[in-house]
Structures are given as structure tokens and as C-alpha cells.
Amino acid sequence: MKLASLTRAALLVSAVALVPATTAGLAAVDGRSAPQFGRLFTVYQLVKAQYVEQVDDTKLIDGALDGMLAALDPHSGYLDGSAVQRVNTLIDGKYAGLGLSVVQEQETVKVVAPLRGSPAAEAGVKPGDYITHLDGKLIYGIPLDEAVAQMRGEAGTQIRLTLFRTGRDGPFDVTVTRKEILLEPVTWKLEGTIGVISINEFSRDVGNYVRTGIADLRKQSGGKLNGLVLDLRSNPGGSLEEAVALSDLFLSTGDIVSQRGRNKGEDMYFRADDMSNYPDLPSAVAATFKGDSARGLPIVVLIDEGSASASEIVAGALQDHRRGLVMGERSFGKGSVQSVFYLNNQRTQAVKLTTARYFTPSGRSVQEGGIEPDIRVPQLSDPDARRRSQMVLRESDLRRHLVNEVGIDDKQLEADKQDDPRFKLTAEELKTRGITDFQLHYALETLRRTDGTPALAAKGK
């Protein structure tokens, strides 16, 4: 989900805050910067006077803004027109297209994750795939905003994607039919006495949807719900407030996440049962987040390389409080918060700027290193998973990514390559047993063995 303005930025891989920009609120420019602005103006004058063709002022200024912000980190950028609308889509959760979260890496478009149930996922697009052509036209080197715009279109129309996937002998084509992506942020189902709640992205009201889902699962199970699987796989993020609300559903006390920027006076701490976390919620609604809505039920949190930002906030909070056992693969590793500052009253121009890092309750930054699962469970039911894992894209692979202040060595986290003897079955063998999602199957079996014991997380350690 989500630019000449975001040429190197992950789309929908952000914990985002929307903030109006006012002249009074902007930091004063250091007087020593004047010569640098003079250099910029000199180049502008040279282009206007000497370039082989006449150049529009808007093109030059937009290009300067793009370059300035792209030099900072992969998630800061200048937003204009349709780019602003795409950021709003992140919060509203509705658009027509393929349902892909993508980044631009070394001038190519790379898939972070297809949204579950999206046209792209149904067509077989996988995390880590490179998209080289759209309808036979090479898209190498074009701005990411332009590539995303070409992939979107009217519902019912088709587009042919040419993909390169590690482990395959060569590129191959898939045809995807666009549809209206009415992103269901939360879905749930009952598996015996275990509830499976899938959070697909963090748009509005995710916390309330999950609370409703828990109540419905209790009703479906006849009051005999024995555990929950919280599935955050391929969830690229969204609203920081909704990540806090979701975590608060399962925690009674303590920190959920802290947000720390350059100015210490602006540091923020989000705590369980702290209603100041939800200033816009009616008091009656905010009261529903008090206490543990799951009432001590054991929880397994599923993550993978496509789980980023807001997903990592939730997984980290439940892991640090030993409220849930985290399974799957190491997450994406995006531990920064972006704020969107609007530059005009019409909200057609904005700056998306990295303003803070976030930290889990124990003080861990997931920047670069990601959330390491308590139990690593590979997706054995995916025949391409092992080969594709060699080319998995994470935050640490993006150019100009923020450095983890804690100093976690990314390579150390990948050092243990020894396979668990429990994970030797092939995708074909699993298919004959009727297992199409091994990670979910393993989580369900783990919960069934606990027989509803609340201390699952502690035992898993």
C-alpha cells in the first residue's frame, strides 16, 4: 500500500503521524546555512540561463525538494498531488489496484509483501520479487511514484507483471486483475478452540475490530476459547495509534512503546490503560481498552520478513511483557516514525519526514535488527521460501537506512543457519497432509498442547 517523492521509500511500511506544518512550528534556519542556500540559488540560476531547453520553475523546485529529502533516509520524501492521496490511503484503507507493498532498490521495484487476499497475492506474487516490466514495458529506473501509478487503475482491468524471483531460472509473467482494495484490516476464524485473528494493516479502528473479533470467537466457541493466534505476517504497518490500541487490548499495565526524537522534550511514552493514548476516542469507547481483553488466554504472535513498523511495535510489546510467544521469521526491522507535514491549506503538498525512532518496552530498537521470534518457524509449505529467503529485503538493505542506536549487528542475527530437526518436511509432503500454511499450523498445534495455559510465553522462553 503507498513517488518521485518516495523514490526509495517503502510504501505502507510506516508508523505514521499526520501533523500540520506551520511557520511558527518550523525550526529557525541557522544563519551559517546562508552560503549553502546561495550555492543552491546559483545552480538554479545556471540551469535557467544555460540549460539547453527552457525549464519550468516547478520542475526545478520539486526536484530540489525530492533530492534534499531523499538524501536523508529511505522513508522521508516530498509529497505532491496523488502522492499525498496515497499516504491518506494508508490511513483510510481503500483504493483500486493490485494490493502490493513495494520499495525501490537500486532503480528497481521490489515487493516487500502482497496484502493478504489481494489480487497480487492470489496471482502468486511473493515478498522479495522484483517487478521488471509492466505490460511488457521496462520500468527500470523510473520513479517509484510513476510505477505505482501504472499498477493502479480501474477495477476489472488487467495488467501483466514480469517478475524476477531468486531461485527461478529466468523472469516470468503473471497477469493480475485489478480490483477495489477495500482493505479488511482485521479478519478472524475459529480453528477448533483456537481463534486466529489476522491483522492485515493498521488503518482506522483496528483495535476495535480485534476486540470485536475476540468477543465473536468466544461466542462461536461456546465460551471454550483456549488460545489466540495473532497473525501479523506480511503486515507492512500503518497508524502508530492503532498499534498502541491493539497492544493495549492484551496488556493491563506497563509501557507499550516509546517514541524518541532529536529533542528530548518531545519524547513520548505510550502505556497500557493510559487513556491519554486515545485523545480522539469517546470515553465509553476508550474504556473498552482497559485491561486484558483476552483474559489471560495464551497468545502466539506470527511474524515474517514482511512484518514492519506498527506490526513490530505490537510483536515487541507482547514479547517484552511475556504476554505472547512470537513465532515465524525475523521481521523487517523498521524502527522509525514518519510525520506528514502539510505545506498548504488544501493539503495537496506535504513533507513526509522521519521524526523519531521507537523502542520496545525493554528499550530495544528494532531498527535494522527487527523482532527476532522466540521460536523460528520457516514457512515450509511455500516451495520457494528457502530460495527466496536468500534475497529477503529488510530495512537494513535499504540505502541510507537509519543506523540502530543500540548497535545490533545485523549479520549476527542471521548467523544461525542450522535447521531445526522438526522442520524437515517439504512443501509437497505437507500438501499431502493437507497443510497449506505450515507456520499457522505449527502455531495452532503449539496452542493446543498448552490446553489454555496462560503461561505460554514464559514456557516458550
Side-chain angles (χ1 to χ4, degrees), residues 10 13-19 72-73 75-76 199 202 206-207 230 232 235-281 286 289-292 299 301 303 307-324 326 330-341 352-374 395-396 401-408 410 413 457:
V13 187
S14 303
V16 172
L18 302 181
V19 183
L72 300 176
D73 67 75
H75 306 294
S76 295
I199 294 89
F202 286 85
V206 162
L230 202 61
L232 299 174
N235 183 327
S239 166
L240 171 63
E241 182 178 278
E242 291 300 333
V244 172
L246 177 58
S247 303
D248 202 356
L249 279 176
F250 304 106
L251 299 173
S252 298
T253 59
D255 289 344
I256 293 173
V257 65
S258 59
Q259 177 179 312
R260 309 177 200 175
R262 186 172 67 182
N263 301 316
K264 298 302 179 185
E266 298 178 1
D267 290 353
M268 299 178 66
Y269 294 83
F270 298 87
R271 298 180 172 89
D273 281 352
D274 183 352
M275 290 304 103
S276 64
N277 293 336
Y278 319 105
D280 299 325
L281 287 180
F289 290 92
K290 281 186 172 295
D292 181 356
I299 297 172
V301 181
I303 61 172
S307 305
S309 197
S311 296
E312 293 169 302
I313 289 175
V314 175
L318 298 189
Q319 187 180 56
D320 280 2
H321 284 287
R322 302 173 71 83
R323 182 61 189 91
V326 179
R330 184 167 65 89
S331 63
F332 185 79
K334 184 182 180 298
S336 61
V337 176
Q338 282 66 49
S339 298
V340 177
F341 299 89
K352 184 183 179 189
L353 195 65
T354 299
T355 53
R357 290 179 173 88
Y358 66 74
F359 296 81
T360 71
S362 66
R364 291 183 296 159
S365 170
V366 302
Q367 182 67 20
E368 294 188 272
I371 297 293
E372 187 72 16
D374 299 306
E395 173 77 5
S396 55
H401 66 271
L402 294 180
V403 175
N404 183 354
E405 290 184 329
V406 180
I408 295 176
D410 196 43
L413 292 170

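Numbers here simply count residues along the sequence, with the first being 1.
- Interatomic distance, Leu72 CG to Lys352 NZ, rounded to the nearest 0.5 Å: 13.0 Å.
- Residues Ala315 and Ile371 share a closest heavy-atom pair of CB-CG2, 4.3 Å.
- Side chain of Tyr358 to main chain of Val366: no donor-acceptor pair is present (N/O by atom type, distance under 3.5 Å, no hydrogens or angles).
- For the pair Phe250/Val301, no side-chain contact is recorded, criterion being any heavy-atom separation below 4.5 Å from C-beta on.
- In plain terms, the two heavy atoms of Ala310 and Gly238 that are nearest each other are CB-N, 3.9 Å.
- The shortest distance between side-chain heavy atoms of Phe270 and Leu240 falls below 4.5 Å.
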*Decide side-chain contact (heavy atoms from CB on, under 4.5 Å) for Gln319 and Asp374; before the verdict, give the C-alpha distance in whole Å, the side-chain angles of both, and the deciding distance to 0.1 Å.*
CA-CA 8 Å; Gln319 187 180 56; Asp374 299 306; 3.2 Å; yes
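- A search for side-chain contact (heavy atoms from CB on, under 4.5 Å) contacts involving Ser362 returns Asp320, Thr360, Arg364, not counting sequence neighbours.
- Between Gly254 and His321, the shortest heavy-atom distance links the atoms CA-CE1, 3.9 Å.
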*I would like to know whether Phe202 and Leu232 meet side-chain contact (heavy atoms from CB on, under 4.5 Å); could you show each step before the answer?*
CA-CA 10 Å; Phe202 286 85; Leu232 299 174; 4.1 Å; yes
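- Within the 4.5 Å cutoff, the side chain of Val326 has no heavy atoms near those of the Leu318 side chain.
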*Evaluate side-chain contact (heavy atoms from CB on, under 4.5 Å) for Ser76 paired with Leu353, printing each intermediate quantity in order.*
CA-CA 5 Å; Ser76 295; Leu353 195 65; 4.0 Å; yes
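- Scanning both residues, Ser247 and Ala317, for their nearest heavy atoms gives OG-CB, 4.1 Å.
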*Output, in order, the C-alpha distance, side-chain angles, deciding distance and verdict of side-chain contact (heavy atoms from CB on, under 4.5 Å) for Arg330 and Glu372.*
CA-CA 5 Å; Arg330 184 167 65 89; Glu372 187 72 16; 3.0 Å; yes
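- In this structure, CD1 in Ile313 is found 10.0 Å from CD1 in Ile256, a value given to the nearest 0.5 Å.
- Residues satisfying the side-chain hydrogen bond (donor to acceptor under 3.5 Å, both in side chains) test with Asp255, not counting sequence neighbours, are Arg271.
- Heavy atoms only, all atoms of each residue included: Gly316 and Pro361 are closest at O-CD, 4.1 Å.
- Formation of a donor-acceptor pair under 3.5 Å by the Glu312 side chain with backbone atoms of Lys334 is found in this model.
- Looking at Asp267, its side chain does come within 3.5 Å of a backbone N or O of Gly261 through a donor-acceptor pair.
- Not one N or O on the side chain of Ser331 forms a donor-acceptor pair closer than 3.5 Å with the backbone of Gly370.
- Of all non-hydrogen atoms in Ser336 and Ser309, the two that sit nearest each other are O-OG, 4.2 Å.
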